[in-house]
Amino acid sequence: MAAAVTGGLAVVGGGISGVTCAEQLAAQFPTDNILLITASPLIKAVTNVRQVSRVLEEFDVTERCSSELEARYPNLRVVRSAVRELRSDQKRITTEDGGEYSYSKLCLCTGAKPRVIVTGNPYVLGIRDTDSAQDFQRRLCDTRRVLIVGNGGIAMELVYEIEGCEVIWAVKDKSIGNAYFDAGAAEFLISQLQADKAATPLTCKRTRYAVDALTGGKAVGAGSALGPDWHQGLNLQASKEFSRCVHVEAETEVKRIFLQEEFELLNMTALPSPKSSSSHSSNPAEWPVYVQLTNGKTYGCDFIVSATGVIPNIEPFICGNKFDLGGDGGFRVDEHMRTSLPDIYAAGDVCTASWKPSPLWQQMRLWTQARQMGWYAAKCIAADITGETIEMDFCFELFAHVTKFFNYKVILLGKYNGQGLGTDHELMLRCTRGVEYVKVVMQNGRMVGAVLIGETDLEETFENLILNQMDLSSYGESLLDPNIDIEDYFD
Ligand SMILES: Cc1cc2nc3c(=O)[nH]c(=O)nc-3n(C[C@H](O)[C@H](O)[C@H](O)COP(=O)(O)OP(=O)(O)OC[C@H]3O[C@@H](n4cnc5c(N)ncnc54)[C@H](O)[C@@H]3O)c2cc1C
Ligand SMILES: NC(=O)c1ccc[n+]([C@@H]2O[C@H](COP(=O)([O-])OP(=O)(O)OC[C@H]3O[C@@H](n4cnc5c(N)ncnc54)[C@H](O)[C@@H]3O)[C@@H](O)[C@H]2O)c1
């Protein structure tokens, strides 16, 4: 039983948001004791932060022992146990190992967990942390066919990376990657699924993730979310020798899942391999699990990955505490990262940004936002203690995300999909098949968003054009003319 600790600043969660918040508090209040409570044995560390442009940033992330963090910040203590209960009326936290901790101010950074289509089915997997990624890799070794449900970041990464087995990709939308792309960009990308994988992975400006922990220490309990390049530490080659083999079932959802016995009892039939002309076809009645889709098709497979978004981890904190929750189930936070309860803040995947956002920013549960929110929450806590006023950080002015899909560098800026703009916007496109896809979203002659796929080198210029809201009407289509050096135009 851990002793009760009284009084100071406490953070819950050893992911990017929690560690960034705790580090910032420890640096800002060097004579105070800062407590970081986390369920995961390893904590995240952000290193080599590089500002690519005013808003776009890249950094490396590693998983480290908590002792390294304590060595760097002598006033920071890490408790490795999950929080079991919060008594906000007494400003007290109880952990699974029986520890009791009181706090003056608390920041909740407990991340999220996969929102799987069904729970309790051993053939349905969600991927979030080291443990679940290892489970996935183990199963993939002798897999002949996997069915992937979902159309966001994880599904896009998996369909591109998995080799040596059939992949059936069930998406409920008309086109692939709807969390990031419109149909045009999806069309541009999908040809890559048929192409051979590039021999050398693309090196591009994006956050990197060191995955030592995937092959090393075993995580226990709720781990932190994996992140960019998480699959590079894994072997995603199944048993067969062939390369990528993806079949997309669009505009469909999972209606029912049957285990083999049930399927046979009901005397049901499944479709053969969608690539049945190839040598990968197999007896339709030999699968451990079967998926009936709403389009009437039924496929057998070895297992199902449900890459269908996340649910914020709020459970241990809600019993007896009247938090305001967002529509997505996160703790609603105001412009100072304060929840609805006194002296309790939240940051990262667990929170729902509920301030009036800048017209060019939206919350997405991403690594950069987790870091920015953790850092800003610490600043807000400090300002509330010292009585200083604090303005919303500049990083919340413009949404900016650098990532990689299908071996292309992908940059998303502002209202990149015209989010919330209704019909009051226009699109301008430039596309060279297999090379680049550039889309800008214009409203009243001003640029409000952009999707840049490939090595376009347009990110800084477009970021500036979006931030300064210059009237670009007079440039018309020439804005995307590849023969005009747009950087010279506006520098
Ligand atoms: C497979 C995968 C790939 C991704 N790829 C990208 C990408 O390419 N780019 C990108 O920007 N984002 C990506 N993300 C999203 C990104 O990883 C998350 O948005 C980000 O890591 C969230 O950080 P966080 O600190 O809020 O939460 P987490 O990293 O989930 O950390 C939560 C922490 O809270 C702890 N915790 C939970 N419950 C308790 C409790 N009761 N008591 C104590 N501690 C608790 C956990 O142990 C953990 O340490 C990816 C996510 C996944 C799953
Ligand atoms: N490169 C990246 O930026 C990247 C990569 C991987 C993951 N991530 C992040 O990790 C988290 C988890 O990733 P994810 O891919 O699970 O989530 P996501 O939010 O990116 O995508 C979820 C997808 O599932 C679909 N969906 C939801 N419910 C469904 C249902 N019942 N049936 C079928 N489809 C359904 C949605 O339409 C959406 O396309 C997200 O926060 C994501 O932003 C980011």
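Remember, it's 1-based here, ligands and their atoms both numbered in the order they're listed.
- Nearest residue to atom 42 (N) of ligand 1 from V83, I314, I127 is V83 (criterion: closest heavy atom).
- Residue contacts with ligand 2 include Y180, since one of its heavy atoms falls under 4.0 Å from the ligand.
- The N/O atoms of D173, backbone and side chain alike, include none that comes under 3.5 Å of an N/O atom in ligand 2.
- The option from T110, L42, L86 that lies nearest to atom 39 (C) of ligand 1, judged by heavy atoms, is T110.
- The two atoms that bring A450 and F462 nearest to each other are CB-CD2, 3.9 Å, heavy atoms only.
- The salt bridge (Lys or Arg N to Asp or Glu O under 4.0 Å) search around E249 returns K297, not counting sequence neighbours.
- Numbered from 1 in the order shown, with element, the atoms of ligand 1 that lie under 4.0 Å from a heavy atom of R365 read 15 (C), 19 (O).
- Between R115 and ligand 2, no pair of N/O atoms sits closer than 3.5 Å.
- Looking at T38 next to ligand 1, an N or O pair under 3.5 Å apart turns up.
- For ligand 1, the atoms closer than 4.0 angstrom to any heavy atom of A82 are 42 (N), 43 (C).
- The T403 neighbourhood of ligand 2 comprises atoms 1 (N), 2 (C), 3 (O), with distances under 4.0 Å to a heavy atom of that residue.
- Heavy-atom contacts of V12 reach the following atoms of ligand 1: 42 (N), 43 (C), 44 (N) (cutoff under 4.0 Å).
- Under a 4.0 angstrom heavy-atom cut-off, E315 registers as lying outside contact with ligand 1.
- Contact between G153 and ligand 1 is absent, with no heavy atom of the residue lying under 4.0 Å from the ligand.
- The ligand atoms of ligand 1 that sit less than 4.0 angstrom from a heavy atom of I16 are 25 (O).
- R139 and D302 are not joined by a salt bridge, as no carboxylate oxygen comes within less than 4.0 angstrom of a charged side-chain nitrogen.
- Counting heavy atoms closer than 4.0 Å to ligand 1, residue H401 contributes side-chain atoms (C-beta onward) but none from N, CA, C or O.
- For ligand 1, the atoms closer than 4.0 angstrom to any heavy atom of W367 are 10 (C), 11 (O), 12 (N), 16 (C), 19 (O).
- For ligand 2, the atoms lying closer than 4.0 Å to a non-hydrogen atom of L366 are 3 (O), 43 (O), 44 (C).
- We find that D349 and R128 are joined by a salt bridge, their nearest charged nitrogen and carboxylate oxygen being less than 4.0 Å apart.
- Only one option out of R92, R87, K91 pairs with D89 in a salt bridge (charged side-chain N to carboxylate O under 4.0 Å, His left out); it is R87.
- The heavy atom nearest to atom 7 (C) of ligand 2, considering only D328, V402, I154, is found in I154.
- The pair K44-E63 meets the salt-bridge criterion, with a side-chain N (NZ, NE, NH1 or NH2) lying under 4.0 Å from an Asp/Glu carboxylate O.
- Salt-bridge formation is detected for the pair E23/R72: a Lys NZ or Arg NE/NH1/NH2 atom is positioned less than 4.0 Å from an Asp or Glu carboxylate oxygen.
- Contact atoms of ligand 1 toward G14: 33 (C), 34 (O), 48 (C), 49 (O) (distance under 4.0 Å to a heavy atom of the residue).
- Closest to atom 43 (O) of ligand 2 by heavy atom, among H401, K113, E157, R365, is R365.
- Nearest to atom 24 (P) of ligand 1 by heavy atom, out of S17, P312, G15, is S17.
- When ring centroids are compared, F181 and F188 stay outside the 6.0 Å threshold.
- Between the choices D349, T403, L366, V19, the shortest heavy-atom distance to atom 26 (O) of ligand 1 belongs to D349.
- Residues E459 and K409 are paired through a salt bridge, judged by an N-O separation under 4.0 Å between the basic side chain and the carboxylate.
- No more than 12 heavy atoms of other residues, nucleotides or ligands shown are found within 6.0 angstrom of OH on Y123.
- Residue contacts with ligand 1: K44 is placed with no nitrogen or oxygen under 3.5 Å of a nitrogen or oxygen of the ligand (distance criterion only).
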Under the side chain to side chain contact (heavy atoms under 4.5 Å, CB included) rule, what do C107 and I381 come out as? Steps first, then yes or no, please. CA-CA 9 Å; C107 190; I381 292 171; 4.0 Å; yes
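- Nearest to atom 32 (N) of ligand 2 by heavy-atom distance, out of V171, T308, V116, is T308.
- Atoms of ligand 2 lying under 4.0 Å from any heavy atom of I117, numbered from 1 in the order shown and given with element: 31 (N).
- Note that R371 lies in the cation-pi zone of F59, set by a 6.0 Å cut-off to the ring centre and a 45° limit from the axis.
- With ligand atoms numbered from 1 in the order given, ligand 2 contributes 37 (O), 38 (C), 39 (O) to contacts under 4.0 Å with heavy atoms of N178.
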I257 vs V289, test: side chain to side chain contact (heavy atoms under 4.5 Å, CB included). Steps then yes/no. CA-CA 7 Å; I257 297 173; V289 63; 3.4 Å; yes
Identify each donor-acceptor pair in which a side-chain atom of residues 146-154 lies under 3.5 Å from a protein atom, sequence neighbours left out, and give them as a table.
{"from": "N151", "atom 1": "OD1", "to": "G177", "atom 2": "N", "distance (Å)": "2.5"}
{"from": "N151", "atom 1": "ND2", "to": "D173", "atom 2": "OD2", "distance (Å)": "2.7"}
{"from": "N151", "atom 1": "ND2", "to": "S175", "atom 2": "O", "distance (Å)": "2.9"}

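- Residue S40 approaches ligand 1 through these ligand atoms, each under 4.0 Å from one of its heavy atoms: 47 (O), 48 (C), 49 (O).
- Per-residue contacts place G150 under 4.0 angstrom from the following atoms of ligand 2 (heavy atoms of the residue considered): 24 (O), 34 (N).
- Centroid-to-centroid, the aromatic rings of W355 and F396 come within less than 6.0 Å.
- In P114, neither the side chain nor the backbone holds a heavy atom less than 4.0 Å from any atom of ligand 1.
- Contacts between I154 and ligand 1 below 4.0 angstrom, taking non-hydrogen atoms only, involve the side chain exclusively.
- Salt-bridge check for R365 with D328: passed, with a basic side-chain N closer than 4.0 Å to an acidic carboxylate O.
- Within the 4.0 Å heavy-atom shell around ligand 2 one does not find M364.
- Because its NZ or CZ atom is not both nearer than 6.0 Å to the ring centre of Y299 and within 45° of the ring axis, R145 does not count as a cation-pi partner of that residue.
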Could you please spell out the steps behind the side-chain hydrogen bond (donor to acceptor under 3.5 Å, both in side chains) verdict for E463 and S53? CA-CA 8 Å; E463 183 190 292; S53 60; 2.3 Å; yes
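- Of all atoms in ligand 2, numbered sequentially from 1 with element shown, those under 4.0 Å from a heavy atom of F405 are 1 (N), 2 (C).
- The closest heavy-atom contact to atom 43 (C) of ligand 1, among the options C351, A347, A39, comes from A39.
- Ligand 1 places these atoms under 4.0 Å from at least one heavy atom of P316: 41 (N).
- Ion pair R84/E100 not flagged as a salt bridge, since none of the NZ, NE, NH1 or NH2 atoms sits closer than 4.0 Å to an Asp/Glu carboxylate oxygen.
- For atom 19 (O) of ligand 2, the candidate residues are G152, G309, A370, G177; the nearest heavy-atom contact is made by G309.
- Closest heavy-atom approach to atom 33 (C) of ligand 2 within the set V305, V149, I127: this belongs to V149.
- F405 and Y180 have their aromatic ring centers within a separation under 6.0 angstrom.
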